[in-house]
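Some notes on the structure that comes next.
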Amino acid sequence: MPIIALIIIGAAAGFLATRLMKLETDIITTVCIGMAGALVGGMVLRALLAVMGFMAGFVGAVLGALVLIWLWQKYVQR
């Protein structure tokens with residue numbers, strides 16, 4: 001995935017994930033969460049991406065970001 005697309009999808013996924021998890025973060029953290037989520041979701045949902053295209057990538061990015069936020073809240077932010 002090109003880096004510009006990763007940043008754009010990461011920003012959108014991070015924004016959506018932080019709002020769903022009711023997490024208040026700054027813009028850089030939101031984008032980083034979304035980008036990391038895009039990487040995690042992309043690896044997990046690789047087969048789905050081949051079948052559905054861009055939308056599966058976005059869904060994977062949001063799901064990956066949600067998992068990362070949950071892990072962060074569970075183990076880091078106490």
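Please read these numbers as outputs of a predicted model, since none were measured by experiment.
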*Looking only at heavy atoms, what is the nearest atom pair of I9 and A61, with distance?*
CG2-CB, 3.9 Å
*Smallest separation among heavy atoms of A65 and A17, with atom names*: CB-CB, 3.5 Å
Taking distance alone, no hydrogens or angles, what donor-acceptor pairs closer than 3.5 Å link side-chain atoms of residues 23-31 to residues at least two apart or in another chain?
from	atom 1	to	atom 2	distance (Å)
T25	OG1	T30	OG1	2.6
D26	OD1	T29	N	3.0
D26	OD1	T29	OG1	2.5
T30	OG1	D26	O	2.8

*Mind checking the CZ-CG spacing from F15 to L20? Nearest 0.5 Å is all I need.*
9.5 Å
